[in-house]
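First listed ligand is number 1; within each ligand, the first listed atom is number 1. Each residue takes its place number in the sequence, starting with 1.
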Amino acid sequence: MKFFTRKLMSVVIAASFCFGLASCSKTPAESSAASSTEATTTVAESKASESSASSEESKAAVKTVTEGKLIMATNATFPPYEYHEKDQIIGIDAEIAKAIADKLGLELVIEDVAFDSIIAGVQSGKYDIGCAGMTVTEDRLKSVNFSTSYATGIQSIIVKEGSEIKTVDDLIKGKYKVGVQSGTTGDIYMADTDGGVGEDRVDRYNNGNDAVVALLAGKIDAICIDNEPAKAFVAANKGLKILETPFTEEKYAIAISKDNEELLTAINKALEELTADGTIGKIIEKYIPTK
Ligand code: GLN
């Protein structure tokens, strides 16, 4: 309990466009098996010519890494936000980024990279945006700008069914090993000795699926990961469950280079319009149905 309430303080509440996702129960679990960490590129089908008249304005104003393209870095092992389906990367982030790209008259290109390389890649001008269920934190704000938030995440703990770990406090006080996805907020919280389990009890994995494999093999005792992928992993793998404990709430937003204020402004405008016309709500409802 202490862990989660204290950590809440370090998460920056940046946004005015937020959607409560915590109560949702269904996720596209079949997709959680995706575990590739190799870089792949998916080019969304839409072309600049499909953009609306209002986009023409933004198009003229926005500079990107490669003219005419919006290069999005993500780690596509994070259902339902981004995951592989056949040769495509789909999910909430992929669709929101596509809707933004359409508005800006840009072609969306998705690069699938290690999560912990996204911020550095955005900062160095390799990618235009990082869109990866990425939590706004004070630390990350030192390196990149964040758009207004478009979704909420919660840190969850996955254990094996029948585990003696019943609460987050059990996990913190015990001698248990916790798996995390490297460089995520779950990693940061858990590695902290003050409120987490401490560095020497954290095992880092490239993606959530690798952590699930380790948990099933008994190499670790629990996983700390965002709630929606947690639900998808539990649904796709027998013998796992999520602890019923209070969770910390985080805001997801799009990371943008500090050198490209115009892109930040254009993306925030697009997000505002896409929120107002119901597009973002529909995308989220598609992947996390509430009905
Ligand atoms: N929300 C977490 C973070 O930003 C995890 C994101 C992810 O693994 N894609 O650190």
Protein contact to atom 5 (C) of ligand 1 [nearest heavy atom, distance to 0.1 Å] = Asp226 OD1, 3.3 Å

task = Take the angle between the ring planes of Tyr252 and Tyr150 and call it parallel below 30°, perpendicular above 60°, tilted in between.
result = tilted

note = Out of Glu82, Arg140, Glu250, the nearest non-hydrogen contact to atom 4 (O) of ligand 1 is supplied by Arg140

inquiry  = Heavy atoms only: which of Gly133, Gly208, Cys131 lies closest to atom 6 (C) of ligand 1?
reply    = Gly133

ask   = Would you find a donor on one side and an acceptor on the other, under 3.5 Å apart, between the side chain of Asp93 and the backbone of Glu82?
value = no

ask   = Among all protein non-hydrogen atoms, which one is nearest to atom 8 (O) of ligand 1, and what is the separation to 0.1 Å?
value = Gln181 OE1, 2.8 Å

remark   = Here the side-chain hydrogen bond (donor to acceptor under 3.5 Å, both in side chains) pairs for residues 276-286, sequence neighbours left out, are Glu95-Lys286, Asp277-Thr279, Glu285-Thr290

Polar side chain donor-acceptor pair, Gln155 to Asp226, under 3.5 angstrom = yes

request  = Answer yes or no: is there a donor N or O on one side and an acceptor on the other, between the side chain of Asp170 and the main chain of Thr167, under 3.5 Å?
outcome  = yes

Cut-off 3.5 Å, no hydrogens considered: what does the side-chain donor-acceptor table look like for residues 119-126, sequence neighbours left out?
residue: Ser124; atom: OG; partner: Ala120; partner atom: O; Å: 3.1
residue: Ser124; atom: OG; partner: Gly121; partner atom: O; Å: 3.4

inquiry  = Nearest non-hydrogen contact with atom 10 (O) of ligand 1 belongs to which option: Thr74, Thr185, Ile154?
reply    = Thr185

key: Identity of the nearest option to atom 7 (C) of ligand 1, non-hydrogen atoms only, from Tyr189, Phe78, Tyr81   = Phe78

inquiry  = Tell me whether Ala132 has any N or O atom under 3.5 angstrom from an N or O of ligand 1.
reply    = yes

ask   = Counting each atom of ligand 1 from 1 as listed, which ones have a heavy atom of Tyr252 under 4.0 Å away?
value = 1 (N)

